[in-house]
2 protein chains.
Amino acid sequence: MSSCDTCVVRNRAICSGLNDGEIGALNTLGRRRNVVAGEPLIWEDDDSLLVANVIEGVLKLTTSTEDGREQIVGVAYPSDFIGRPFGQTSSASVVALTDARVCVFSRNDFDRFAREHPGLEHKLLERTLAELDRTRSWMMLLGRKNASEKIATFLLEMSERLAESGCAPVLGPAKRFTLPFSRQQVADVLGLTIETVSRQFTKLKNDGVVELPTRRDVEIVDRPALVAMAG
Amino acid sequence: MSSCDTCVVRNRAICSGLNDGEIGALNTLGRRRNVVAGEPLIWEDDDSLLVANVIEGVLKLTTSTEDGREQIVGVAYPSDFIGRPFGQTSSASVVALTDARVCVFSRNDFDRFAREHPGLEHKLLERTLAELDRTRSWMMLLGRKNASEKIATFLLEMSERLAESGCAPVLGPAKRFTLPFSRQQVADVLGLTIETVSRQFTKLKNDGVVELPTRRDVEIVDRPALVAMAG
DNA sequence: CGGGTGCTTGACAGCTCTCAACTAGAGTGG
DNA sequence: CCACTCTAGTTGAGAGCTGTCAAGCACCCG
């Protein structure tokens, strides 16, 4: 009995293209690993030794300048694939934002297996193309949107991404959700400072667009306003 | 005799994974097309009807907001692949910056052919992963760098990308090159305004870091200074 | 030579960053 | 249970960078 049989992302992750025999073979290469919030999984510019599927939790992908500025370049949710197959080094660090569970493979093992299983490579390709689309739309945000547009866009994306990861059938975007980000991390996603993020959150609250019951919880009160602000 | 036989990017584009028979089959699906500078090839949010390989020239990938702000999210050089296979719509418009020659396929034809030829999909996967890496490092630039860092990074990247596309063995980055971008387009790449770009160029010239013999030509005089500025 | 486009330069405003002080909340130990 | 500490977040004042608006310049083309 392989652990993949009970995997909650079995039908959503790139593994979904594999039959039972293939899953069994892949299972012998991978292993489960728990990562606590704040713990790194992959280092930027490291020899990229491992790749992984996210089973549970949220992780951030970041790049940094030498002088310590950080930019979050991606966020991985359950069923997402992380790491850099077919390349020598990773271009981003991966750090858990929440306690997370991942299914890790050595890069070499994964590369070899993938080359022998076109169905897996195809799933990975579709996922990578979708991620590239998302990343490009984020470039628009970083390059051309002002602070309030960035915050509005961010909250709308969060309400969608966090709704998807639930097991229940998708009922549209979540009205209320818990951010997996600190204020600083929100700033690192949006290319802003923590103070600007804080001020924008306060403004949205004062304007009655959102409620912020705790530091991490968000309730969208006036979604149309948020959509209008997102630009 | 297929036109692929004489294709200058035959050994660099995703086609390089195919044998002669496969190339012949692919050749029957595609056709050459010339695009003049300024002419669009793919519209954003359009039903993505075609994909293509760039043979010659440079094209921009852009996304826009409703109110007309534009962000260049990618640049395609010879041997690069453009378009969005395995998806309904394209997330970016593609417009030629210079006169260009491309090898176009209907998306459906290409999708079908790719699924039957894992070697091609693998090449496309490697290319997409590399493009994602590049895009992510550009996010760092957009989110966290100031105007002079952006300009310096841009010029260094240009000197590398434009050197690669030549036929001669790569001799390292070009010292002198012709920008395929207008000032406005440079601004659209970097998330700046045309005025800020112009001022930064003037400053680099006055500081003796670059020379600007014409509007489009750049000669890097003091590369170390540029590297130091890039952050 | 004149017109047009693209680029440069200047003056100024405004947004976001920086620096600093303060507050709220979570965790700890008495 | 409460005081204490520590961190995360908020708020304020001011500066600086980049954007905006406007004018002028330079190059390309007929």
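In what follows, chains carry the letters A, B, and so on, assigned in the order in which the sequence lines appear, proteins first and then strands, with residues in each chain numbered from 1. Everything quoted here is computed from the prediction, not taken from an experiment.
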Atom-to-atom span, [atom1] of [X] to [atom2] of [N] - whole angstrom:
{"X": "B/R216", "N": "C/dT5", "atom1": "CZ", "atom2": "P", "result": "16 Å"}
{"X": "B/L190", "N": "D/dC17", "atom1": "CG", "atom2": "P", "result": "18 Å"}
{"X": "B/Q184", "N": "D/dG19", "atom1": "CD", "atom2": "P", "result": "11 Å"}
{"X": "B/D188", "N": "C/dG6", "atom1": "CG", "atom2": "P", "result": "13 Å"}
{"X": "B/I194", "N": "C/dT5", "atom1": "CD1", "atom2": "C1'", "result": "11 Å"}
{"X": "A/K205", "N": "D/dT11", "atom1": "NZ", "atom2": "C1'", "result": "12 Å"}
{"X": "B/R69", "N": "D/dT20", "atom1": "CZ", "atom2": "C1'", "result": "14 Å"}
{"X": "A/N206", "N": "D/dT11", "atom1": "CG", "atom2": "C1'", "result": "12 Å"}

Using a cut-off of 4.0 Å on non-hydrogen atoms, how would the nucleic acid contact of B/S198 be classed: base, sugar-phosphate, or nothing?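 Touches a base.
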Sugar-phosphate atoms are those with a prime plus P, OP1 and OP2; base atoms are the rest. Using that split, label each nucleotide of nucleotides 12-18 of chain C B, S or - for protein heavy atoms under 4.0 Å, 5' to 3'. ----SSB
Spacing of [atom1] belonging to [X] relative to [atom2] belonging to [Y], to within rounding of 0.5 Å:
{"X": "B/T62", "Y": "B/Q185", "atom1": "OG1", "atom2": "CD", "result": "10.0 Å"}
{"X": "B/E39", "Y": "B/R33", "atom1": "CD", "atom2": "CZ", "result": "5.5 Å"}
{"X": "B/R161", "Y": "B/Y77", "atom1": "CZ", "atom2": "OH", "result": "5.0 Å"}
{"X": "B/L125", "Y": "B/I14", "atom1": "CG", "atom2": "CD1", "result": "11.5 Å"}

Within a strict 4.5 Å, meaning less than it, do heavy atoms of the B/P85 and B/L124 side chains meet?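 Yes, side chains in contact.
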Every protein N/O lying under 3.5 Å from an N/O of nucleotides 24-30 of chain D:
{"from": "D/dA26", "atom 1": "N3", "to": "B/R215", "atom 2": "NH2", "distance (Å)": "3.4"}

Between the side chains of B/E44 and A/R136, is the shortest nitrogen-to-carboxylate-oxygen separation below 4.0 Å, so that they form an ion pair?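 Salt bridge flag = no for B/E44 with A/R136.
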Pair B/R32 + B/E56: basic N to acidic O under 4.0 Å: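 Looking at B/R32 and B/E56, the cut-off is not met.
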Are a donor atom and an acceptor atom from the side chains of A/T153 and A/K145 found within less than 3.5 Å of each other?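 There is such a pair between these side chains.
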Qualifying residue for side chain to side chain donor-acceptor pair (under 3.5 Å) with B/R144, from A/D188, A/T63, A/T65: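 Answer to the side chain to side chain donor-acceptor pair (under 3.5 Å) test with B/R144 among A/D188, A/T63, A/T65: A/D188.
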Closest listed nucleotide, where the reference is the side chain of A/R183 and the choices are D/dT10, C/dC7, C/dT9: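 Closest nucleotide among those given: D/dT10.
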